[in-house]
Amino acid sequence: MSIIKNINKIFNNRVRLGIMSALMVNENVDFNTLKELLDVTDGNLASHIKALEKLDYILIMKSFIGKKTNTKYSITKLGELEFKKHISALEKLISQQK
Amino acid sequence: MSEKDYLQDITEIKNIMNKSSRFLSLSGLSGILAGIYALVGAYFARVLLLTANYDQYSYTLSETNIEYKIIGIALAVALLSIITGYILTRNKAKKQNVKIWDTTTKRLLFNFLVPLATGGIFGLIILSQGIFLYIAPVTLIFYGLALFSASKYTIGNVKYLGIVEIILGLFALYFIGYGFYFWVIGFGVFHIIYGAIMYFTLERE
């Protein structure tokens with residue numbers, strides 16, 4: 001089954017799915033906005049971000065606003081491609097089961 | 001994963017995409033009220049114009065004063081609409097438990113204000129040159145462009161309201177001299193129709 005192959009196990013987690021969704025439609029999103037959006041703890045979010053970064057699905061950009069660090073995230077071409085594949089696989093599975 | 005999980009995932013994706021990129025708390029009711037203010041303002045302007053015709057023969061100066069009074073009414077209508085819009089939107093945001101001032105609001109306002117401010121300055125310049133005739137088309141066209149540009153960052157059919165206002169503005173330019181009626185339609189009638197559609201399709205729960 002080729003559809004099942006396109007289902008990306010990485011995105012089976014709600015937080016990772018949420019991070020990718022937010023980054024798909026925004027040029028970049030900062031840590032606190034993601035935290036609020038997904039309603040998760042700092043540690044939880046950070047670990048999922050790390051996992052996605054390791055796969056080169058997202059990019060981390062650190063900058064400073066005054067003395068505070070401001071970390072922003074954006075999606076990579078690879079991440080976009082993988083996420084789109086995942087979404088269309090989900091849609092196909094749903095329409096098949098109907 | 002079962003079918004329900006897949007569906008849930010798709011719903012979650014859509015939800016996060018909307019929440020992170022669009023401002024969702026615009027109030028349709030404020031559109032209706034803005035339209036009503038515009039109609040009331042138009043009524044006062046009409047009364048002013050009619051009484052002006054009575055003492056046509058007295059002073060030419062009072063004639064130009066009338067135009068400034070009408071612009072004053074238009075500004076009052078705009079200000080009242082903004083205040084109402086802000087209060088109703090704030091209340092709706094509170095009810096939905098979202099912050100009114102976040103990235104989505106900033107983006108929405110920025111994309112709305114750039115064309116609008118351009119139109120405002122454009123209007124002031126042609127006013128200062130005494131070209132009153134072009135005020136209605138200019139305000140309608142730039143207002144439409146502002147809505148169109150902001151529409152990507154909010155829900156509802158703001159895009160179509162924008163397009164309709166632009167077309168109306170172009171008509172007002174072609175049928176120059178009937179600006180008053182085009183203003184009434186664009187800022188009064190269209191706002192009420194748009195607000196009502198939004199209120200009944202998106203807000204009634």
Side-chain angles (χ1 to χ4, degrees), chain A residues 1 3-40 45 48-49 52 57-58 65 70 72-75 79-80 82-98, chain B residues 1-26 89-115 146-160 162 202:
Chain A
M1 278 279 279
I3 299 169
I4 292 289
K5 216 173 64 193
N6 279 338
I7 288 283
N8 195 331
K9 280 206 175 107
I10 292 291
F11 302 135
N12 272 354
N13 171 284
R14 189 190 74 90
V15 180
R16 271 173 259 168
L17 196 76
I19 296 169
M20 296 301 282
S21 307
L23 294 182
M24 279 293 280
V25 288
N26 290 281
E27 247 173 82
N28 53 61
V29 181
D30 63 31
F31 190 86
N32 286 332
T33 309
L34 278 177
K35 205 178 95 178
E36 260 171 50
L37 204 63
L38 304 172
D39 199 22
V40 283
L45 181 59
H48 288 301
I49 284 172
L52 290 171
Y57 287 0
I58 65 171
I65 297 181
N70 181 45
K72 284 180 174 172
Y73 306 93
S74 64
I75 200 162
E80 211 178 306
E82 289 296 327
F83 196 63
K84 275 183 184 160
K85 254 199 244 167
H86 181 71
I87 292 180
S88 57
L90 282 182
E91 280 169 345
K92 268 182 205 152
L93 279 173
I94 290 165
S95 64
Q96 247 180 24
Q97 279 167 351
K98 259 176 194 167
Chain B
M1 266 209 315
S2 69
E3 180 190 359
K4 209 184 156 203
D5 291 328
Y6 296 137
L7 265 178
Q8 222 167 25
D9 275 8
I10 292 279
T11 318
E12 175 78 3
I13 291 168
K14 256 195 196 158
N15 186 19
I16 295 285
M17 281 182 171
N18 272 334
K19 232 165 66 179
S20 67
S21 65
R22 283 150 187 263
F23 186 67
L24 304 174
S25 306
L26 269 191
T89 300
R90 194 193 54 190
N91 290 350
K92 200 177 158 191
K94 242 184 220 164
K95 235 191 263 167
Q96 294 174 331
N97 209 11
V98 292
K99 276 198 299 189
I100 190 168
W101 191 245
D102 64 3
T103 346
T104 60
T105 336
K106 280 179 216 161
R107 249 190 319 217
L108 176 68
L109 277 181
F110 181 70
N111 283 279
F112 182 64
L113 287 178
V114 170
L147 290 175
F148 188 78
S149 131
S151 66
K152 275 178 283 187
Y153 305 102
T154 186
I155 47 162
N157 302 314
V158 177
K159 188 168 51 180
Y160 301 110
L202 296 170

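Owing to the predicted nature of the structure, the values given are computational and were not obtained by experimental measurement. Just so it is clear: chains get the letters A, B, ... in the order the sequence lines come, proteins before strands, and each one is counted from 1.
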A:Tyr73 atom OH, over 12 foreign heavy atoms within 6.0 Å
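Result for OH/A:Tyr73: enclosed.
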Pairwise distance [atom1]([X]) to [atom2]([Y]) - rounded to 0.5 angstrom:
{"X": "A:Leu23", "Y": "B:Met17", "atom1": "CG", "atom2": "CE", "answer": "10.0 Å"}
{"X": "B:Ile13", "Y": "A:Met24", "atom1": "CD1", "atom2": "CE", "answer": "9.0 Å"}
{"X": "A:Asn12", "Y": "B:Asp5", "atom1": "CG", "atom2": "CG", "answer": "9.0 Å"}
{"X": "A:Glu91", "Y": "B:Leu7", "atom1": "CD", "atom2": "CG", "answer": "10.5 Å"}
{"X": "B:Ile10", "Y": "A:Ile94", "atom1": "CD1", "atom2": "CD1", "answer": "5.0 Å"}
{"X": "A:Gln96", "Y": "B:Tyr6", "atom1": "CD", "atom2": "OH", "answer": "10.0 Å"}

When every non-hydrogen atom of B:Asp9 is compared with those of A:Leu17, the smallest separation belongs to O-CD2, 3.7 Å
For this session: Could you go through the side-chain contact (heavy atoms from CB on, under 4.5 Å) check for B:Ser20 and A:Val25 one step at a time?
Result: CA-CA 8 Å; B:Ser20 67; A:Val25 288; 3.6 Å; yes
Exercise. Looking just at side-chain N and O atoms, do A:Asn26 and B:Ser21 make a donor-acceptor pair shorter than 3.5 Å?
Worked result: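 No - no donor-acceptor pair under 3.5 Å links their side chains.
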Bottom line for B:Arg107: the part with an atom under 4.5 Å from chain A's heavy atoms is side chain
